[in-house]
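Report on the structure given below.
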Number of protein chains: 2
Amino acid sequence: MSMGRAKLKMELIAKEKTRNTTYHKRKQGIIKKANEFSILCDVDTSIIIFPPNSNEPEIWPENPVIKSRKISLLTC
Amino acid sequence: MSMGRAKLKMELIAKEKTRNTTYHKRKQGIIKKANEFSILCDVDTSIIIFPPNSNEPEIWPENPVIKSRKISLLTC
DNA sequence: GCAACTATAATTAGGAG
DNA sequence: CCTCCTAATTATAGTTG
């Protein structure tokens with residue numbers, strides 16, 4: 001029997017496993033929202049995320065809009 | 001009497017006034033989500049938005065995390 | 001044009017398989 | 001590690017002041 005969702009304290013999720021699950025769920029949620037935002041309002045939007053155990057940023061969308069906007073994202 | 005929220009077709013909002021209202025509401029929504037995501041999962045996140053009638057990007061957070069990550073966002 | 005409201009849609013925490 | 005479930009929380013479309 002499922003318990004449904006519980007309220008979440010707005011602070012770092014201590015348990016690594018839970019934190020990782022939340023990371024993936026919410027990352028997808030934000031990307032979905034950004035995609036809808038772009039379509040509904042005809043706005044170019046880009047999201048840059050630095051995953052927990054990596055210095056390599058995740059950039060959305062894959063072919064960043066920032067390029068066509070004459071903006072460069074450069075690793076130093 | 002309020003009608004509550006209606007379902008929205010996933011396509012460009014034709015009416016400028018409605019589109020602008022949605023733009024502001026959803027922009028705040030995405031930023032809130034990104035902020036929560038950063039706190040809950042200890043992840044640096046940055047959002048770049050190009051408003052409809054401007055070439056000047058809106059960057060969140062104001063003091064972009066990307067700077068401390070040795071990433072540069074440069075207008076060409 | 002804004003802020004507040006509210007009914008409804010959408011997200012998601014925690015669990016189960 | 002998934003994917004699915006479901007109740008509860010959260011976001012928000014349309015309206016009103």
Side-chain angles (χ1 to χ4, degrees), chain A residues 1-66 68-69 71 73, chain B residues 1-66 68-69 71 73:
Chain A
M1 204 83 73
S2 182
M3 294 170 62
R5 78 169 283 193
K7 193 162 184 174
L8 185 63
K9 267 186 87 173
M10 195 44 56
E11 62 185 20
L12 177 66
I13 296 167
K15 288 194 213 170
E16 186 175 341
K17 196 178 164 186
T18 306
R19 193 169 63 246
N20 237 279
T21 303
T22 297
Y23 172 81
H24 288 289
K25 282 186 177 179
R26 284 188 172 245
K27 191 183 78 171
Q28 284 315 302
I30 289 171
I31 287 173
K32 186 173 183 224
K33 286 283 187 196
N35 185 52
E36 290 180 352
F37 183 57
S38 298
I39 294 168
L40 292 170
C41 302
D42 193 25
V43 177
D44 285 340
T45 308
S46 194
I47 296 174
I48 305 167
I49 297 169
F50 295 87
N53 301 311
S54 166
N55 278 324
E56 203 62 28
E58 287 187 31
I59 301 174
W60 179 91
E62 274 190 36
N63 190 5
V65 129
I66 47 184
S68 63
R69 289 291 198 158
I71 297 265
L73 189 70
Chain B
M1 202 86 69
S2 181
M3 295 172 64
R5 79 167 286 193
K7 194 162 183 173
L8 185 63
K9 267 187 87 174
M10 195 44 54
E11 62 186 19
L12 177 66
I13 297 167
K15 289 194 211 168
E16 186 175 339
K17 194 179 164 187
T18 307
R19 192 170 62 247
N20 238 281
T21 303
T22 297
Y23 173 82
H24 288 288
K25 283 185 179 180
R26 283 188 173 244
K27 191 183 79 170
Q28 284 315 304
I30 290 171
I31 287 172
K32 188 173 182 222
K33 285 282 189 195
N35 185 52
E36 291 180 352
F37 183 57
S38 297
I39 293 168
L40 292 171
C41 301
D42 193 25
V43 176
D44 284 341
T45 308
S46 194
I47 297 174
I48 305 167
I49 297 169
F50 295 86
N53 301 312
S54 166
N55 279 324
E56 204 63 28
E58 288 187 29
I59 301 173
W60 179 91
E62 275 189 37
N63 188 7
V65 129
I66 47 184
S68 64
R69 289 293 199 157
I71 297 266
L73 188 70

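Only heavy atoms go into these numbers, but all of them, side chains included; no hydrogens, no water, no symmetry mates. Chain A is the first sequence line, chain B the second, and so forth, proteins listed ahead of strands; every chain is numbered from 1.
Spacing between atom CG of B:L8 and atom P of C:dT11 amounts to 12 Å, rounded to whole angstrom units. Rounded to whole Å, the distance from CD on B:E11 to C1' on D:dA13 is 15 Å. Following rounding to the nearest Å, A:M10 (CE) and D:dT10 (C1') show an atom-to-atom distance of 11 Å. One can place CZ of B:R19 at 16 Å from C1' of D:dA13, the figure rounded to the nearest angstrom. Here the P atom of nucleotide C:dA13 and the CZ atom of A:R5 are 5 Å apart, to the nearest Å.
Listed by residue number, A:T22, A:K25, A:R26, A:G29, A:K32, A:K33 are the residues of residues 20-39 of chain A with a heavy-atom contact under 4.0 Å to DNA chain C.
Toward the 5′ end of DNA chain D lies the nearest nucleotide of A:K7, the other residue of the pair B:T18 and A:K7 mapping further downstream.
Side-chain contact check for A:I48 versus A:E58: every heavy-atom pair is 4.5 Å or farther apart.
The distance from the CD1 atom of B:I13 to the OG1 atom of B:T21 is 9.0 Å, given to the nearest 0.5 Å.
Between the side chain of B:S38 and the main chain of B:V43, a donor-acceptor pair closer than 3.5 Å is present. A side-chain donor-acceptor contact under 3.5 Å links B:S46 to the backbone of B:W60. Looking at A:R19, its side chain never comes within 3.5 Å of a backbone N or O of B:L40 through a donor-acceptor pair.
Remark: B:E16 CD is loosely packed, at most 12 non-hydrogen atoms of other residues, nucleotides or ligands lying under 6.0 Å away.
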